[in-house]
Structure formats: structure tokens, C-alpha cells
Amino acid sequence: MVSVMEPATTRFFDMPELVDHLTKYLDYPGIYKLMLTSRRMHDLCMPAQYRRVQPGRFFYDRTTDSMQSFAKNVHRVRELTIWRHGIVYYTSCVTAFLDLLATQQSIASTVSRQPSLSRPVWLSPRDPHLCKVVPIPPMTLLTKLSFFFGEQGEFEGCPYYLPSYRDPKATITQLCWLIESNPHLLDVKLHGFIIKDDRDAGLLTRTISGLQKLQNLSVFFFQWDEWAGPWTSRIGVDLFFACPPTLRNWTVRTDDLYEEDIDVFTDEFVQLPPGDLQSWEKSDEECGLKMTTPRRQEPMLDLKTLSLGALAGETMEEDIRSVFRRCPNLMTLEISPIPSAIIDIQRLAQDIARYCPKLCDLSFHAFGEGAEVTGELLLLILKALPPQQVTRFNCNHLPLFTSEGLGSGAEVGYIFRQHSSTLRTLSLSGCRNIDSKAIQTILIDCEALEDLLIAWKTGSDQRQLCLHLEDAIEFSWGCTRLQRLDLWIAIPDEPLHHLADGVVPYYNRPAPTRLSRAETAQFRSLGSFYRQIGALTELRSLDLKALFYDPAEKGRGISVQDTTFPGLFGLWNNEAGRPGYLQLLGGLTKLESLSGSISATTEEARATIGMNEVIWMEQHWPSLERGQFFRDDDDERLPVPFPWWKRKRAEGRLQLFPYE
């Protein structure tokens, strides 16, 4: 008797475990289509239909069938994404269910799988039922929660609007009740809510401390901008020490709330000073909130990513140390501005490097008072870490500062040379110590670099923070793997950019063009620089800016707008004897974006960029999608070759303007 083996697909769908695993990779339409194939598949896939839920789709409909279906399957929900409207309405639905449960004992048997739950004393009062409220059992088995506060004016027109939507203090209590009801949460994201005072901060910290298995926490909140109390300097640290040792990724950030954001809030919330109880709030003693949240001290062996914000001016240096002391395996650190009252920043940096010896990704986030302290701290941490370890260093958008502990020139460059074989992304600004010689060292030695951005704050000390032309060409660059380069080059404005009285620009002279000795020397230097750029054949994005300065400091000022690198966009013209170096960039075949000092509207560009040059660009830069040669999109004023180039590229694949 010959047995016929069933097809692999049949055997696969015969196993409920495999079907359940498959549904984790399907979206709702995919799961729904699978459910339609048979009654058996409908039953097998039903749990997956409710595994990941955005309850607004049920609340918006609010039909009996839809809400009853959700109510019967809340025990299946594991991942919840909810907005402020949703959490207000959900709280009312659960409250209605608990009221019903208290009066109808027969319901208890149908929800035996749900742990006992009651409204805590600190929870905001019941909302009046301005819309239909359907009793829903509480969700208590969540493993992932994402909450978004949303735009301030979104209550208008919502079909399930309830009044507590307009009270951010009520939102905090509703959110904390939801978290407290789900002690198995592994992943929590809370974004955009408002903390007004230490009552709110303490309730959130106390609630997070009850999550014994938490792995990922991301918190972004607005602080009440009219007042800042002791809690503002503690909440970041307190939240950290409330988390269990199972934590893997931790992010806490804060921002100020602006006046235009508060129009939707209740008058009581806006007018009462922080710390004063609203009419519905009970005292801490009545709510059982007087107890201090225990500070965990166990090492967080699994913590790999730390984004440390919400540090105000009263955060103590020892608090910062105590955070890093728990993170022996930390790899990624993102830090916001910290207090400028750090007593010994070099020692703090050395301690952090010692506590977290595996750090390989350092970055600065946000703005504000103390940003320069953060920038200096990150550079000193980089200096103290073991060599050939750091892969990414992002210290951009900083105010100008000078660090006594970094040195200058090649000494600062040595800090980056220590990680020359591992450093792939480097973004710098603000630090005066990183001068032309330091940038030169980076370009020569950091052979693993793929992304390099060195910028300065507009309007001050520009030349100090640029790569000088003579340093750019002294040695060959080793960073030939660069895919993105954003750099300022300081070039003496004489003799090519600033002409002496009576001197005709080289591009307007009759053929054959005769150059002065000084012009010949500067073109030779520029040609060497362009050759360095042309050797970066992996470039996808190039933002190259020229800063023309007065070497004699005669007060002529500095030109940074609407400029073009001399001779860069012209082809060498043997007939006219006119210099041009565009052909040196022929190796940039992967280039997708070109910006900086590439204006095609300067007098030089209009004289040197012709049809031959544009045809050359089309042939040698086949991947170019953005070339910011012009400020606006007035095609009628474009030189003739450029509209041809745009037409040559089908379907708008070439942008010649910043905002096209």
C-alpha cells in the first residue's frame, strides 16, 4: 500500500503553533484573509486578530457588535497603541464594567481569567457619559504599550469625547492605572504627556517601579513651563532607579510646553499653581502616595542603550555617576544638556568610561543651558575609552566652547585617531579645540569613516573651525570609504575671490588666459584639493562650503553665501588656456546629493559652466538626484544647459533647488 505524503503547506497549517507564529508577521488585512479560508483557520487566527490593537478603531465605531467583540477578546491583547482620546474612553469603559461586575455576580465567572482590579483612590473621577459607554473588561496581560498624547486641539469632533480629555492631570492618572493593571509589560513608550508638579512625577515613578520585567522604556514629556520645582532635577534619575535590572533600552527626554499649547486645558489646570490640588484630587496621605519609591541598586547587565535627558540644574554630579555605575555593559549613550555646575568634568568623564568600558556610540541630543558641558563631557569620555572601539560619535549643533582638558590641533586629532579603524560616523561642531590640524588628522587617519560632518555655529569664529586649504592638501586622505561629507574649507580670498583694483577676473580675460604667479599658485593648491575630493569614489552626499577670508585681516569680512569654488565647475579649456578642474570629480559616479558653494548664479559660474560642462555632469554623475546650483525654481532664468539637464532626467529625478 502506497502512502501519499501530504503537501508541506497542509502539514504547516495543521500545526496551531506554526500558524500562531506566522500571524506575528502578518498585518490585519493578511490575518483577515487567512481567517476567511476556513472555519478552522478563523478559530486559529482569532487570537492574532487581537494581539496588536489600536482600540480607537473599535471606539470610533462603537456599534454593539464591534464593542462586544472587543470586550470578549481583551484578554488576547498583548500590544496596545493608544492616544489620549482612547485612554479617556477606555477608562470610562473599564469603570462601567467594574460597576456592572459589582452588581451582577454572574458576570464574575465569565471573566475569571482577569485578576481583581479596582479604581485607585488617586484616579481621576468618572467622566459623565456624554456618549455611549460600553462596559469593557480591563486589559491586564499587555506586554507592549505605546501611548501618544497627541495634538492639543484634537478633541473637536471626536465621537467618543469625554471631558477629562482636557485635564492633563487626569490623563496621568488614567495612564498610570493602565500601566499598573499590566505588571507583565516588557516594552513601554509614553510620548507627549504633561508633568506639572512633583505629584505627577512621583505617581509616574511609583507606577514604573511596579514593572518587574520591563525591558524597554521610552518617555518623552512636557514640563509645565511656568514653574520648575525640585522634581525637575530628579525625575530623570528617579525614573532610572525605579526600573528593574531586566532593562535593555532606556530613554527619557523632556521639553518645555508653550503658551499656545494650553488653550484646550481646563481653567482649573491652567490657573492653579503647581503643587496645589485640583478639586477632584485627594491628598497624598489619602492616596497612599507618601511612601518614597525604593531606589534599585542592582547592576543592569542587559542595558545596552541609554538616552539620558530630563536633567535639570540641581542634578548632582554624584547622581550622574550613580546612573552609569549600574550600566557595565552600556554600548550606546545619548545625552541631553546637563548642569553647568559639574565640579570636575574630566574626572566625571573618566569615571563614566571606567563604569561603561564597552561604550561605542556617543551622541548629543537637544539644546539648552549646559549644552557646551555635555559636548565637552562626550569628547572627554571618547578620550578616556579603550582604543579602536567607538563606531559613532555625534556631537553636533553645540554652542561654541573651549575645553581645557582636550588640548588643541594634532593633540585633539589623536583622540579620534585612537578609533581610526572603527569610527564610521563622526559629527562635530562648537568645540574650538577641533581646529584645522585636528580635522586634518581625522581625514588622514580615520580610514573607516563613512559619514563625516564638521560644522560651526553661524556667525562666530568661522575660520577657527574650518579646514584650511593648506592643511587639506598637505597629505593624502585615508578616509576613502566616505559616503557622506559635510565640510567647510577656509581659502584666502586673494587673489581669485577678492580682486585688486583694476584686475580682470581670470574667466573674462582674452585667450590665451594669462595667470599671475599668485593665481597660478592658488589654482595649484585648489587643484590638489579637488583631487582629494575626486578620490572619494564612494561618496553619496557631498556638502562642501568655501569660506573666503582676508589673510591680512583688513576688515573686508567673510563671504559664505552664493559662492563657487574657483575653477571647480569648468572643464580645462586648452584653446582658451583657462583652468578648470571638473574632470577631477569624474570618479564620483555614486554621488546622489551635491550642495554647498556650488552656486551657478555667480559671475564666474555663468562664464565657465556651458553645455559641455553640463553634458559632462550628466555622463559622470548618473546617480545625482539633488544638485543645489540655484536658490529658486524660476526655470525661465536658468542658464540654457540646466533645463536641458532636467529634461534629460525623466520624471523629475534631478532637483536643482533647495526646496524643489
Side-chain angles (χ1 to χ4, degrees), residues 20 23-24 26-36 39 41-104 106-119 123 126-127 129-148 150 154 158-162 164-165 171 174-175 177-185 187-189:
D20 180 68
T23 57
K24 295 177 182 179
L26 298 178
D27 56 12
Y28 282 114
I31 295 173
Y32 181 70
K33 290 177 182 178
L34 197 57
M35 293 173 67
L36 293 177
R39 187 183 299 275
M41 292 305 298
H42 180 278
D43 294 340
L44 286 176
C45 295
M46 178 59 74
Q49 188 77 348
Y50 290 90
R51 182 186 294 119
R52 295 185 295 270
V53 167
Q54 294 186 17
R57 65 191 181 102
F58 299 103
F59 298 164
Y60 193 91
D61 184 18
R62 296 192 330 284
T63 62
T64 302
D65 290 345
S66 175
M67 293 297 288
Q68 285 184 351
S69 177
F70 180 62
K72 286 195 299 184
N73 288 280
V74 290
H75 64 284
R76 303 185 189 277
V77 180
R78 297 295 180 269
E79 300 179 12
L80 176 69
T81 300
I82 195 165
W83 278 259
R84 184 167 31 147
H85 273 306
I87 203 164
V88 171
Y89 187 72
Y90 168 77
T91 301
S92 291
C93 291
V94 173
T95 298
F97 173 83
L98 295 178
D99 292 342
L100 192 62
L101 189 63
T103 57
Q104 299 182 14
S106 60
I107 297 180
S109 60
T110 67
V111 292
S112 58
R113 61 176 68 91
Q114 301 287 345
S116 59
L117 189 69
S118 60
R119 286 174 53 91
L123 184 63
R126 306 160 187 264
D127 274 301
H129 291 185
L130 303 182
C131 60
K132 180 181 178 182
V133 173
V134 179
I136 296 177
M139 289 177 275
T140 59
L141 299 174
L142 294 179
T143 58
K144 183 176 182 179
L145 170 64
S146 299
F147 168 77
F148 301 95
E154 288 182 341
C158 178
Y160 51 94
Y161 164 76
L162 293 172
S164 65
Y165 172 91
T171 303
Q174 294 159 356
L175 182 58
W177 190 35
L178 176 60
I179 296 173
E180 190 178 76
S181 306
N182 290 273
H184 305 292
L185 277 167
D187 193 327
V188 175
K189 179 185 291 186

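Computed over heavy atoms, backbone and side chain alike; hydrogens, waters and symmetry mates excluded. We count residues from 1, following the sequence as given. Remember, predicted model here, so these are calculated numbers, not experimental data.
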**Request:** Could you tell me whether the side chain of Leu145 reaches within less than 4.5 Å of the side chain of Lys189, counting heavy atoms only?
**Result:** no
**Asked** How long is the span from the CG atom in Leu185 to the OG1 atom in Thr140, to the nearest 0.5 Å?
**Response** 10.5 Å
**Message:** Just to verify, what does Ser164 make a side-chain contact (heavy atoms from CB on, under 4.5 Å) with, not counting sequence neighbours?
**Reply:** Val88, Asp127, Ala170, Gln174
**Prompt:** Looking at residues at least two apart in the chain, or sitting in another chain, which of them share a side-chain hydrogen bond (donor to acceptor under 3.5 Å, both in side chains) with Thr143?
**Reply:** none
**Pairwise distance CG(Leu123) to OG1(Thr95) - rounded to 0.5 angstrom** = 6.5 Å
**Request:** Side-chain contact test, heavy atoms from C-beta onward, threshold under 4.5 Å: evaluate it for Val77 versus Leu142 and give yes or no.
**Result:** yes
**Pairwise distance CD1(Ile87) to OG1(Thr91) - rounded to 0.5 angstrom** = 5.5 Å
**Message:** How long is the straight-line distance from NE2 of His184 back to CZ of Arg78, given to the nearest 0.5 Å?
**Reply:** 9.5 Å
**Prompt:** Shortest non-hydrogen contact from Thr171 to Arg84?
**Reply:** OG1-CD, 3.8 Å
**Asked** Do the side chain of Tyr90 and the main chain of Met139 share a donor and acceptor less than 3.5 angstrom apart?
**Response** yes
**Asked** Can you name the closest pair of heavy atoms from Arg126 and Arg119 and give their distance?
**Response** N-NH2, 3.8 Å
**Asked** Rounded to the nearest 0.5 Å, how far apart are CD1 of Ile82 and CZ of Phe148?
**Response** 11.5 Å
**Item:** Least distance between heavy atoms, Lys132 atom then Tyr89 atom
**Value:** O-OH, 2.6 Å
**Message:** Under the rule for side-chain contact (heavy atoms from CB on, under 4.5 Å), what residues qualify as partners of Arg76, not counting sequence neighbours?
**Reply:** Met46, Pro47, Tyr50, Asn73
**Message:** Do Phe97 and Ile136 have side chains that approach each other closer than 4.5 Å (heavy atoms only, starting at C-beta)?
**Reply:** no
**Request:** Locate the shortest heavy-atom distance separating Pro135 from Ala71; write the atom from each residue and the value.
**Result:** O-CB, 4.0 Å
**Request:** Write down the atom of Tyr161, the atom of His85, and the distance for their closest heavy-atom approach.
**Result:** CD1-CE1, 4.0 Å
**Prompt:** Where is the tightest heavy-atom contact between Leu162 and Ser92, given as atom of each residue plus distance?
**Reply:** CD1-OG, 3.2 Å
**Complete:** d(Glu180 CD, Leu178 CG) to nearest 0.5 Å is 10.5 Å
